[in-house]
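Beneath this line is the structure, given in C-alpha cells, with notes to follow.
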Amino acid sequence: MSVAPGLQPESWHLLSLLEQAPGLKALGDTLADLADEGHPVVVGTADLKYSNGLVRFQDRHPDKYLQFGISEQHMVSTAAGLATTGLRPYVATFASFMALLACEQIRTDVAYTRLPVRLIGHHAGITLGFYGTSHHATEDLAITRSIAGLTVIAPADTAALAAALRASVDLPGPVYFRIGRGRDPEVYPAGTTLQIGKAVEHGTGSDLTLIATGSMVHPALRAAAALTADGYDVGVLDMHTVKPLDEEAVLGAARRSRLLMTVEEHNVLGGLGGAVAEVISEHGVPVRLHRHGIRDQYSLIGPPTHLYGHYRLDAPGVEAEAREALLA
C-alpha cells in the first residue's frame with residue numbers, strides 16, 4: 001500500500017493523532033472488522049482519511065477503499081450507485097459538507113431510492129471551531145431528519161459509535177451518522193451494544209429529565225450528578241437515534257418529570273429539541289420543555305473548548321442552564 005511519507009500506518013504522527021481521538025480509530029477499525037467478517041462493506045472519503053481515521057480501513061482493505069478527493073457530492077452519488085450492486089457503502093466527510101453541501105444528493109440519489117448508503121458526518125457541531133462558519137455543522141440534524149426514510153444516529157462516544165456501526169450493517173435504507181472529532185469522554189464500556197431507535201435510560205427523575213444526543217450525553221450525565229447531589233431528582237436519556245425518535249421514552253419522561261430539557265450541539269430549531277416538542281405536543285402531554293443548544297445564530301469562531309463554555313454546552317454550562325430552567 002502506498003501511504004504519504006510521514007504518515008505511515010504505524011508512524012508516531014498518526015498514532016499520536018488517534019491516541020488523542022480514539023473515536024477516529026474506532027471508525028476505521030470497526031469498519032475494517034466488518035469487512036473481515038464478510039460484510040459487503042466499502043468505504044470512501046473526500047480527502048480526509050487522516051482526519052477521520054479511515055486510513056486504518058485503507059491499510060487493511062485497500063481494495064475496498066475509495067478516495068474521492070474534495071468531491072463530496074460526487075462521493076454520495078457514487079455511493080448510491082455502489083449500493084445498487086449489493087454493497088454497503090460507508091462514506092465520510094465533515095458533517096457540514098455531508099449534510100449541507102451534499103443534501104440534494106442525499107435526498108434524491110440515496111434516500112428517495114431507499115438505498116443502504118451509510119453517510120458519516122464527522123466533526124459535527126462546533127468541533128471545528130477555528131475553521132469557521134463554513135465548517136460548523138449546527139443545522140445537520142434539522143436537515144437530515146427532514147429527509148424521508150433517512151435514519152439519523154448520533155453516538156455518545158467511541159463504544160457507542162462502534163455499536164451503532166455494527167447495528168447499521170443490515171439495516172434497510174440509508175443512515176446518517178453524526179459524530180464529533182473522536183475525543184468524546186467515555187460513557188459506555190467497550191463492547192457495548194446499541195439498539196437503533198431505542199434510547200438508553202440513565203435513571204429517571206421526577207424533577208427533570210435531560211434528553212441529550214451525541215457529544216452532549218457526557219455533559220448531561222455530569223450535570224445530572226451535580227443536580228442530584230443538591231437534592232434534585234434527575235434522569236438522563238441518551239437519545240442516540242434522533243430519527244426514528246424513541247417516542248415511548250420521551251412520553252415516559254414527560255409523564256413523570258415536571259421539566260424536560262433537551263441538550264444538543266446544534267441549533268435549537270429543528271433538531272432534537274424540535275423532535276421532542278413534536279412528540280409531546282402531538283400526544284397532549286402537559287410538561288414544560290426547555291430546549292438547550294445554540295439559539296438560532298451562527299456560532300462564533302474560536303477553540304472548541306471555549307465555544308462549549310460560551311454556549312453552555314460543557315457540564316457546568318448544562319448544569320447552570322438546568323438550574324435556571326428548574327427555577328423558572
Side-chain angles (χ1 to χ4, degrees), residues 124-130 136-139 141-142 154-157 160 178 180-181 183-188 199-240 242 249-250 253-254 256-277 280 286-328:
I126 51 178
T127 58
L128 282 172
F130 278 122
H136 294 174
T138 56
E139 308 90 354
L141 287 178
D157 67 357
R178 184 189 208 247
R181 55 179 179 164
R183 300 185 183 189
D184 294 308
E186 181 179 307
V187 175
Y188 300 105
V200 180
E201 187 178 274
H202 296 270
T204 60
S206 59
D207 291 316
L208 169 67
T209 298
L210 296 168
I211 305 177
T213 192
S215 60
M216 293 294 100
V217 174
H218 187 268
L221 288 168
R222 286 186 56 196
L227 291 165
T228 299
D230 272 0
Y232 288 103
D233 192 21
V234 182
V236 177
L237 286 178
D238 172 2
M239 197 62 70
H240 51 76
V242 178
V250 171
R256 66 175 166 260
S257 300
R258 63 183 176 93
L259 173 66
L260 302 184
M261 181 171 129
T262 55
V263 190
E264 56 191 316
E265 189 181 340
H266 188 270
N267 194 323
V268 295
L269 301 177
L272 176 65
V276 170
I280 60 176
V287 63
R288 283 181 57 221
L289 171 65
H290 180 70
R291 296 170 300 157
H292 181 43
I294 296 172
R295 305 206 70 83
D296 194 25
Q297 60 184 275
Y298 295 103
S299 50
L300 299 174
I301 299 169
T305 51
H306 290 58
L307 294 180
Y308 289 134
H310 176 77
Y311 290 110
R312 289 181 148 187
L313 293 174
D314 54 5
V318 174
E319 179 189 345
E321 189 81 12
R323 287 183 185 277
E324 291 175 10
L326 284 164
L327 295 173

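Note that these values count all heavy atoms, side chains included, but never hydrogens, waters or copies made by symmetry.
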### Message
Taking the basic N atoms (NZ, or NE/NH1/NH2) and the acidic carboxylate oxygens, is any pair closer than 4.0 Å for R256 and E201?
### Response
yes
Do [X] and [Y] touch side chain to side chain, with heavy atoms closer than 4.5 Å?
X: P219; Y: R222; result: no
X: H266; Y: L272; result: no
X: L326; Y: R258; result: yes

Might you point out which heavy atoms bring [X] and [Y] nearest each other, and give the distance in Å?
X: S257; Y: V287; answer: O-CG2, 3.4 Å
X: L208; Y: A322; answer: CD2-CB, 3.9 Å
X: A156; Y: D184; answer: O-CB, 3.5 Å
X: A154; Y: T213; answer: CB-OG1, 3.4 Å
X: A320; Y: R312; answer: CB-NH2, 3.8 Å
X: L313; Y: E264; answer: CD2-O, 3.7 Å

### Task
Starting from the C-alpha separation in whole Å, work towards a yes-or-no answer on side chain to side chain contact (heavy atoms under 4.5 Å, CB included) for T127 and R183.
CA-CA 10 Å; T127 58; R183 300 185 183 189; over 6 Å; no
Do [X] side-chain atoms and [Y] backbone N/O form a donor-acceptor pair below 3.5 Å?
X: D233; Y: G205; value: no
X: D238; Y: V217; value: no
X: D157; Y: Y188; value: yes
X: R291; Y: G273; value: no
X: R288; Y: A325; value: yes

### Message
By the definition side-chain contact (heavy atoms from CB on, under 4.5 Å), identify the one residue from L237, I211, V250 that meets it with T262.
### Response
I211
### Query
Under the criterion side-chain contact (heavy atoms from CB on, under 4.5 Å), which of V236, T204, V234, L260 is the partner of T209?
L260
So how far is it from [X] [atom1] to [Y] [atom2], rounded to the nearest 0.5 Å?
X: R178; Y: L141; atom1: CZ; atom2: CG; value: 4.5 Å
X: E319; Y: D314; atom1: CD; atom2: CG; value: 10.0 Å
X: T305; Y: I126; atom1: OG1; atom2: CD1; value: 10.0 Å
X: R181; Y: L128; atom1: CZ; atom2: CG; value: 8.5 Å
X: L210; Y: M239; atom1: CG; atom2: CE; value: 12.0 Å
X: I294; Y: H136; atom1: CD1; atom2: NE2; value: 8.5 Å

### Task
Please confirm whether F130 and H306 have ring centers closer than 6.0 angstrom.
no
### Message
Please determine whether side chain to side chain donor-acceptor pair (under 3.5 Å) holds for the pair E324 and H290, giving the CA-CA distance in whole Å, both sets of side-chain angles, and the decisive distance to 0.1 Å.
### Response
CA-CA 10 Å; E324 291 175 10; H290 180 70; over 6 Å; no
### Query
Would Y311 and E265 count as a side chain to side chain donor-acceptor pair (under 3.5 Å) if you check the C-alpha gap in whole Å, the side-chain angles of each, and the deciding distance to 0.1 Å?
CA-CA 9 Å; Y311 290 110; E265 189 181 340; over 6 Å; no
### Task
Quick one: do Y298 and N267 satisfy side chain to side chain contact (heavy atoms under 4.5 Å, CB included)? Show the steps, please.
CA-CA 9 Å; Y298 295 103; N267 194 323; over 6 Å; no
